[in-house]
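Structure first, then comments.
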Amino acid sequence: MTSLTARLNDELKAAMRARDSQRRNAIRLLQSALKQVEIDTRSALDAEAELTILRREAKQRRETISELEAAGRADATVDARYELGLIESFLPQQLTSQELMPIVSAAVAEVGATSVKQMGEVMRVVMPQVQSRADGKAVSEIVRELLR
């Protein structure tokens, strides 16, 4: 059993003891997403694969929230926001824009990028360095800002 799986099991037990059905249901959703990938790949997940799945789940929740808000269904975003907060609590601490700026600046200098057309080259250098600690969308916004 991996550390994330163990943490999820511990959190599930605590939520069940506290009779917190919202937290219990959100944790079960995460566990089922992890289990589904294990079944599909027919192999145990390593720590990086688990983080990848959590990032994917977080991205799905962000998209759901924006779609619900665009549809004027603010009441329905409550559960998605809660699930997103829970998922983010299991992910590594995300880098801030101030922390990303020097990394992206160094990559721009390394590649010698001068226009937005070279954004892909810069992203290929930056993303492996910050993969589990920064969202690709946030990185691309900083790259665009620097290359304007």
Side-chain angles (χ1 to χ4, degrees), residues 1-12 15 22-148:
M1 197 171 357
T2 62
S3 62
L4 179 61
T5 305
R7 277 183 59 201
L8 283 170
N9 284 334
D10 292 343
E11 291 287 329
L12 178 63
Q22 186 178 26
R23 186 170 182 82
R24 180 197 67 211
N25 294 341
I27 292 170
R28 283 184 175 164
L29 284 172
L30 289 178
Q31 286 179 321
S32 68
L34 292 168
K35 191 58 140 172
Q36 186 62 48
V37 173
E38 279 185 342
I39 291 169
D40 291 346
T41 61
R42 296 182 181 168
S43 64
L45 298 174
D46 63 355
E48 189 57 40
E50 290 174 338
L51 288 176
T52 301
I53 294 165
L54 287 184
R55 283 192 295 273
R56 184 188 70 215
E57 292 293 316
K59 182 178 179 183
Q60 287 176 350
R61 296 314 183 284
R62 285 186 202 100
E63 290 170 356
T64 299
I65 291 167
S66 63
E67 289 171 6
L68 289 171
E69 287 174 344
R73 302 215 27 225
D75 58 318
T77 64
V78 174
D79 286 337
R81 285 185 192 281
Y82 182 81
E83 290 172 9
L84 178 60
L86 180 75
I87 293 167
E88 288 176 342
S89 73
F90 288 103
L91 288 171
Q93 183 66 37
Q94 297 291 296
L95 295 173
T96 64
S97 295
Q98 293 81 16
E99 293 168 325
L100 280 172
M101 192 64 77
I103 297 169
V104 174
S105 296
V108 168
E110 179 183 326
V111 171
T114 56
S115 72
V116 177
K117 291 179 183 177
Q118 295 168 305
M119 184 172 169
E121 296 173 41
V122 176
M123 292 294 288
R124 277 189 283 283
V125 172
V126 173
M127 289 312 292
Q129 297 175 33
V130 299
Q131 185 180 20
S132 64
R133 300 174 300 148
D135 180 45
K137 186 176 180 180
V139 173
S140 69
E141 288 173 4
I142 293 172
V143 171
R144 258 185 233 284
E145 183 181 311
L146 289 176
L147 294 179
R148 285 193 179 154

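Atom set for the values below is all heavy atoms of this structure, side chains included, hydrogens, waters and symmetry mates excluded.
N9 is listed as a side-chain neighbour of Q31, based on a closest heavy-atom distance under 4.5 Å. Counting heavy atoms from C-beta on, the side chains of L4 and L54 come closer than 4.5 Å. The closest side-chain heavy-atom distance from V37 to R56 is below 4.5 Å. The side-chain heavy atoms of L34 and L8, taken from C-beta on, include a pair separated by under 4.5 Å.
Across A26 and L86, no two heavy atoms sit closer than the pair CB-CD2, 3.4 Å. Listed here is the closest heavy atom pair of A107 and V122: CB-CG1, 4.0 Å. Taking each heavy atom of M127 and A134 in turn, the nearest pair found is CE-O, 4.2 Å. Heavy-atom minimum distance, A58 versus L84: O-CD1, 3.6 Å. Scanning all heavy atoms of the two residues, the minimum distance from F90 to L30 falls at CD1-CD1, 4.3 Å. Contact detail for A33 and E57: the closest heavy-atom pair is CB-OE2, 3.6 Å.
T41 is linked by a side-chain hydrogen bond (donor to acceptor under 3.5 Å, both in side chains) to S43, counting only residues two or more places apart in sequence or in another chain. When the side-chain hydrogen bond (donor to acceptor under 3.5 Å, both in side chains) test is applied to E48, the partners found at least two apart in sequence or on another chain are R55. Listed by chain and number, the residues in a side-chain hydrogen bond (donor to acceptor under 3.5 Å, both in side chains) with E121 amount to none (sequence neighbours excluded). Partners of K35 according to the salt bridge (charged side-chain N to carboxylate O under 4.0 Å, His left out) rule, which considers only residues two or more places apart in sequence or in another chain, are E38. For Q129, the side-chain contact (heavy atoms from CB on, under 4.5 Å) criterion is met by I103, V125, not counting sequence neighbours. Contacts of S105 classified as side-chain contact (heavy atoms from CB on, under 4.5 Å), with partners at least two apart in sequence or in another chain: M101, L146. Shown here are the salt bridge (charged side-chain N to carboxylate O under 4.0 Å, His left out) partners of R23, two or more places apart in sequence or in another chain: E11.
Note that the OG atom of S140 and the CE atom of M123 stand 5.0 Å from one another [nearest 0.5 Å]. Separating the OG1 atom in T5 from the CG atom in L12 is a distance of 12.0 Å, to the nearest 0.5 Å. Atoms CG and OH, from N25 and Y82 in turn, are 9.5 Å apart once rounded to the nearest 0.5 Å. To the nearest 0.5 angstrom, T77 atom OG1 is 6.5 Å from L68 atom CG.
Listed by first and then second residue, the salt bridge (charged side-chain N to carboxylate O under 4.0 Å, His left out) pairs involving residues 95-116 amount to none (not counting sequence neighbours). Residue pairs that meet the salt bridge (charged side-chain N to carboxylate O under 4.0 Å, His left out) test with at least one member in residues 71-84, sequence neighbours left out, are R61-E83, E69-R81. The salt bridge (charged side-chain N to carboxylate O under 4.0 Å, His left out) contacts involving residues 84-93 comprise R62-E88, where partners must be two or more places apart or lie in separate chains. For the salt bridge (charged side-chain N to carboxylate O under 4.0 Å, His left out) condition, no pair includes a residue of residues 139-148, sequence neighbours left out.
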